[in-house]
Protein chains: 2
Amino acid sequence: MNGDKNVRTFTISQIADELDISTRTIRFYEEKGLIKPGRTAGNQRIYTARNKARLKLILRGKRFGFSLDDISEMIGMADTDMDELAQIEKSLYFGEAKLKEIQDRKKELSLLEQDILATRKKLLQRINKIRKEINHV
Amino acid sequence: MNGDKNVRTFTISQIADELDISTRTIRFYEEKGLIKPGRTAGNQRIYTARNKARLKLILRGKRFGFSLDDISEMIGMADTDMDELAQIEKSLYFGEAKLKEIQDRKKELSLLEQDILATRKKLLQRINKIRKEINHV
DNA sequence: CTTATAGCTTACGTAAACGTTAATTATAAA
DNA sequence: TTTATAATTAACGTTTACGTAAGCTATAAG
């Protein structure tokens, strides 16, 4: 075994294309401390598959309406050394809270679905009524 | 049967308290055309149970990261006369798209949960490692 | 009837999450 | 090696979703 397996890396625009976000967005997440890609000799960002996975995770959180601050507390800052117990325990504690939140959202997701289905039903009824009225003329 | 059954109404602050949002937020949603409460002789807003239910629906959508514009297209504008087929059909079309989106989010919700669980696992392992190191000293 | 709330409109303020130049440097292609 | 892309930082702009304060009116309580 050697250490340099799978060192396929990506540029910022490759990542942007694949994840369908702007390069600005990626840099913004870095500013916020959510990712920490490497740099080339010429100071350009290089992303590993691991960096990419982390970005996907961030985007997934976003799709559920979590703020970037929430997300950073959920998955931890990219540059924390993970050395202090306190830091880790804080992340754990936050993770538990978010897990509970996710449970709640799972339930609400069904409710939202039902609401939309109910709206659809009413709209269809309304359409039928209108069509009947038209036929009456 | 008569028409004036169940006419229990609410003031804006009653609604705000119950739904745990500000009165400003409620008025803002009205500005955006998402709700259309009645008015008293003195021009104050009065909310029916139906208005309240609609607000709950809006809030539910928000919890999933939908924008207010998305939501208004999902559940339809409050003041549309629901008279034109085109309008209704547009809402229906949008509703279908959103239902599909919800299906996708349901799947992603599990993925997000798993990600957090994986993070937790790693954190716990890290904690154990640190504790062992401490015992070694 | 007075007065304390509560509500109304108008309008400026703000935080989050990027968008959009601009000026400069790296890298890839010819 | 020149040149066309692509990337970098810095900084100001924008949109969404409200917050907040001001000045005025309605309604409930005493």
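Quantities reported herein were computed from a predicted structural model and do not represent experimental measurements.
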Practice problem: To the nearest 0.5 angstrom, please state how far the CG atom of A/L55 sits from the CD1 atom of A/I21. | Solution: 5.5 Å

Self-check item: d(NZ, B/K62; C1', C/dA16) in whole Å
Solution: 12 Å

Practice problem: Measure the CG-OH distance between A/L19 and A/Y47 for me, rounded to the nearest 0.5 Å. | Solution: 10.5 Å

Quiz item: Between B/E30 and B/P37, is any pair of side-chain heavy atoms under 4.5 Å apart?
Solution: yes

Quiz item: Which distance, rounded to the nearest 0.5 Å, do you find between the CG of B/D20 and the OG1 of B/T25?
Solution: 10.0 Å

Quiz prompt | Gap separating the CD atom of A/Q14 from the OG1 atom of A/T23, nearest 0.5 angstrom | solution = 13.0 Å

Quiz item: When you measure from the side chain of A/S67, which nucleotide among C/dG7, C/dT27, C/dA17 comes out closest?
Solution: C/dA17

Quiz item: Donor-acceptor pair, B/E18 side chain versus B/I15 backbone, under 3.5 Å?
Solution: no

Quiz item: Quick one: how far along DNA chain D does chain B reach, first to last nucleotide 5' to 3', anything under 4.0 Å to a heavy atom?
Solution: D/dA17 to D/dT27

Quiz prompt | d(CD, A/E31; P, C/dC18) in whole Å | solution = 11 Å

Exercise. Specify the residue among B/D69 and B/T40 whose closest nucleotide of DNA chain D lies further upstream toward the 5′ end.
Key: B/D69

Practice problem: Provide, to the nearest angstrom, the distance between the CD atom belonging to B/Q44 and the C1' atom belonging to C/dT5. | Solution: 11 Å

Exercise. Rounded to the nearest 0.5 Å, what's the gap from CG on B/L34 to CG on B/N51? Could you check?
Key: 12.0 Å

Quiz prompt | Along DNA chain C (nearest heavy atom to each residue), the more 5'-positioned of B/S13 and A/G42 | solution = B/S13

Quiz prompt | Atom pair distance, as rounded to whole Å: CD1 in A/I46 and P in C/dA26 | solution = 15 Å

Practice problem: For DNA chain C, determine which residues of residues 20-30 of chain B have any heavy atom closer than 4.0 angstrom to one of its atoms, and list them numerically. | Solution: B/R24, B/R27

Quiz item: Is B/E113 salt-bridged to A/R60, going by a charged N under 4.0 Å from an acidic O?
Solution: no

Quiz item: Would you say C/dC8 has OP1 or OP2 under 4.0 Å from some side-chain N or O of B/R45?
Solution: yes

Quiz item: Rounded to whole angstroms, how far apart are CG on A/L68 and P on C/dA15?
Solution: 16 Å

Quiz item: Which whole-number value in Å describes the distance from B/Y47 OH to C/dA6 C1'?
Solution: 13 Å

Quiz item: To the nearest angstrom, how far is A/R39 atom CZ from C/dA26 atom P?
Solution: 12 Å

Quiz item: Rounded to the nearest 0.5 Å, how far apart are CG of A/L57 and NZ of A/K52?
Solution: 14.5 Å

